[in-house]
Q: 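Once you've had a glance at the structure underneath, I'll fire off some questions.
All heavy atoms count here, side chains included; hydrogens, waters and symmetry mates do not. Here is how names work: the chains are called A, B, and so on, in the same order as the sequence lines, proteins then strands, and each is numbered from 1.
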Protein chains: 2
Amino acid sequence: MARTGHTAGTPRCSISAVMGLRERKKLEAWRTIRSTALRLISERGFDAVSVEDIAAEAGVSRTTFFSYFPTKEAVAFDLDPQALAEWRERVATDTDDRPLWPALTDLYVDMATVLAEWLPVQKRVLQQHPGLTQSARATCDTFAPDLYRWISRRTPDGDRLLTSLLLNASMAGYITALEVWDPADPLDVLLDSVRTCLHRVGAGLAAPEHSPSTA
Amino acid sequence: MARTGHTAGTPRCSISAVMGLRERKKLEAWRTIRSTALRLISERGFDAVSVEDIAAEAGVSRTTFFSYFPTKEAVAFDLDPQALAEWRERVATDTDDRPLWPALTDLYVDMATVLAEWLPVQKRVLQQHPGLTQSARATCDTFAPDLYRWISRRTPDGDRLLTSLLLNASMAGYITALEVWDPADPLDVLLDSVRTCLHRVGAGLAAPEHSPSTA
DNA sequence: CCCAAAACCTGAACGCAGTACAAGTTCTTA
DNA sequence: TAAGAACTTGTACTGCGTTCAGGTTTTGGG
C-alpha cells in the first residue's frame, strides 16, 4: 500500500469492472481509514490515538468508522477484504489430492504471503504494545472457520476433537513463527519459519531430540 | 467454594497463620467479588451485568472492584491467587528427571485439576457468549510465562523458536481439550481429553492415520 | 496502649469505546 | 428521472477504566 500505488485511481485488472461504484468506494474508504489508522498508531502509539482522531484524519465521521470496523483494535488487525476474498478462493478451490499436513502448511504460507504488505507494521505495533497480543490472535480467528471447514472436509470420520486439534495446533505453529519473526527481516525468513514450525508440529514435538533423558 | 465451607471462618491448615489480617481480608474480598460476579453473570448473562451491579452486590465500591480486577472480563477468567500460587509451587519444585513432554502434560493436567471447581461455570459463560473466547485464552496467558521458563530451563541450547513452539503447541492441545469438553461431563473426561490431545501433538499430527492419501 | 506510617476503601469526575437512531445524502435500477 | 436502497452523519446515551483527594483501617514501633 505504500510502495505500489494501487490505493486510489489505479484499479488492478478486472476487479473494478466487476465491482460497482458503491463497492469500489467502500473498499477505498476501508483502506483510507486503515492506512490512516496505522500511520497515526505508528507515530503516537495505540493508546494515544482515539477513534475520533482516526476518523477526523481519514475525513470520515466517528459513526462511519464503526460501520467499517467493529472495534478500535479491528482497524489494526482486520484483514483487507480483497486479500481475504482471494485467500478464501484458494482454500475453496483447493484439490484434495495431497496429504493433509503439507497442504495445510501451504495454506498458512499462502496466508502469510497475502498479508505480506502490512505484516511488518502490525508486528511493530505489537512490539510497542504487548497487551494487544490477544487481538493479534483474533486476526487468526478471522480465517479459523474457513480452515476448520477445510480440515473437517478431510477428516470424514467426523472426529471433532481431532479436527479442532489439527486447527489449533497448526495455528500454534503459525503464531509461533509470527512471534519469533523480526519485522526487519525479509518475508522469506518468516515463510521458512512457518514451514519449519508446521513441520515440527506435524512430526511430533515429543521427538527424542527434545527430551533430554531419551537423547 | 460451594460444597466445602472454607470460605470464611474455616481457615485451612497453616495458611491463615502465615497471612496477616490484611492479606486474609484481601483474599476474602477477592473471592466475594468473584463469586458474586459469577452468580450474576450465570443468571443474567455477561453483557447484562455491569461492574456497578457486581460491586454493589458484593458490598464494595466500583473503584475497589477495579483495584482487584483490571477489567470486567478478568473477574470471570482470572485465577484464584491461592490456587495459582499452589500451581506455581509445583512448577518451581518440579524435578527435571523425566522426559519433557510427559512432564509438561502433567503440568497441564495439574492445572485443570487446580481449576476444577470453577471450570464448568467458566465454560458455561463462554457457551452463552462466544465473543469471550479471547478472554478464555487470556486465562492461559496467566501461566504462560511460568511454563515458558519451565520449558526453556529444559531446552538448554537456547532455541527460542523451539521453546515458543513447545509452549504454544502444548497450549493448543490444552485449549482444544477445553473447547471440546462438555461442562456437564465429570472432570475426569476433561483430564483424559487433555492427556489425549497432548499425546497426539507430541506424537505428531502429520501421522499417516490423518493423511488420507498415505493411509 | 498509643501514635504515626502505610495500605486500603470510597465517591466524584473525567475520557473514551461502542450503540442507537433519526435525518440527510449518494448511488442504483427500473 | 423518480422511487427506493444503501451509505453517511450528528446527537445522545450506556458503561468501562482511570485519576485523585480525602477518609478509614491495619500495622509496627515505642
Q: Going by heavy atoms closer than 4.0 Å, what residues in residues 50-59 of chain B are next to DNA chain D?
A: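 Residues of residues 50-59 of chain B under 4.0 Å from DNA chain D: B/S50, B/V51.
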Q: May I ask you to check whether over 12 heavy atoms, not counting those of A/E52, lie within 6.0 Å of atom CD?
A: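 Atom CD in A/E52 is not packed in, count stays at 12 or less.
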Q: If the condition is ring-ring contact (aromatic ring centres under 6.0 Å, His included), which residues does A/W150 pass it with, not counting sequence neighbours?
A: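 A/W150 satisfies ring-ring contact (aromatic ring centres under 6.0 Å, His included) with no residue once adjacent residues are dropped.
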Q: With no hydrogens and no angle check, just 3.5 Å: does a side-chain donor-acceptor pair link B/T163 and B/T155?
A: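 Note: B/T163 and B/T155 side chains meet the donor-acceptor criterion.
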Q: With a 3.5 Å cut-off and heavy atoms only, can you find an N or O donor on one side and an acceptor on the other between the side chain of A/T63 and the base of D/dG10?
A: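 It does, because a donor-acceptor pair links the side chain of A/T63 to the base of D/dG10 below 3.5 Å.
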Q: If you measure only the distance, is there a donor-acceptor pair under 3.5 Å linking the side chains of A/D110 and A/T113?
A: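 Short answer, no.
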Q: Report, as yes or no, whether the 6.0 Å neighbourhood of atom CZ on A/R160 holds more than 12 heavy atoms from other residues, nucleotides or ligands.
A: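 Not buried by this count: 12 neighbours or fewer within 6.0 Å.
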Q: Please determine whether any donor N or O and acceptor N or O are separated by less than 3.5 Å between the side chain of B/R62 and the base of D/dG17.
A: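 Pair found.
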Q: Report the end-to-end axis angle of the helix from C/dC1-D/dG30 to C/dA30-D/dT1; each axis comes from five terminal pairs, and the value is rounded to 10°.
A: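 Nearest ten degrees gives 20° for this helix.
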Q: On DNA chain C, check which nucleotide each of A/K72 and B/A29 is closest to and give me the residue with the more 5' one.
A: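 Mapping each residue to its closest nucleotide by heavy atoms, the 5'-most match is B/A29.
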Q: Kindly give the atom pairs (protein nitrogen or oxygen, nucleotide nitrogen or oxygen) under 3.5 Å for nucleotides 27-30 of chain D.
A:
from   : atom 1 : to    : atom 2 : distance (Å)
D/dT27 : OP1    : B/L21 : N      : 2.9
D/dT27 : OP1    : B/R22 : N      : 2.9

Q: Ignoring hydrogens and angles, write down the donor-acceptor pairs under 3.5 Å from the side chains of residues 175-185 of chain B, residues two or more places apart or on other chains.
A:
from   : atom 1 : to     : atom 2 : distance (Å)
B/T176 : OG1    : A/N168 : ND2    : 2.8
B/T176 : OG1    : B/A172 : O      : 2.6
B/D182 : OD1    : B/A184 : N      : 2.8

Q: For B/F77 versus B/R34, what's the shortest heavy-atom pair and its separation?
A: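 Residues B/F77 and B/R34, closest heavy atoms: N-NH2, 3.6 Å.
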Q: So how far is it from B/Q128 CD to B/I41 CD1, rounded to the nearest 0.5 Å?
A: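 These two atoms lie 10.0 Å from each other.
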Q: What residues form a ring-ring contact (aromatic ring centres under 6.0 Å, His included) with B/F66, not counting sequence neighbours?
A: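 With neighbours one apart ignored, the set is empty.
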Q: Please indicate whether A/H129 has more than 12 foreign heavy atoms, meaning atoms of other residues, nucleotides or ligands, lying under 6.0 Å from its NE2.
A: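 More than 12 within 6.0 Å, yes.
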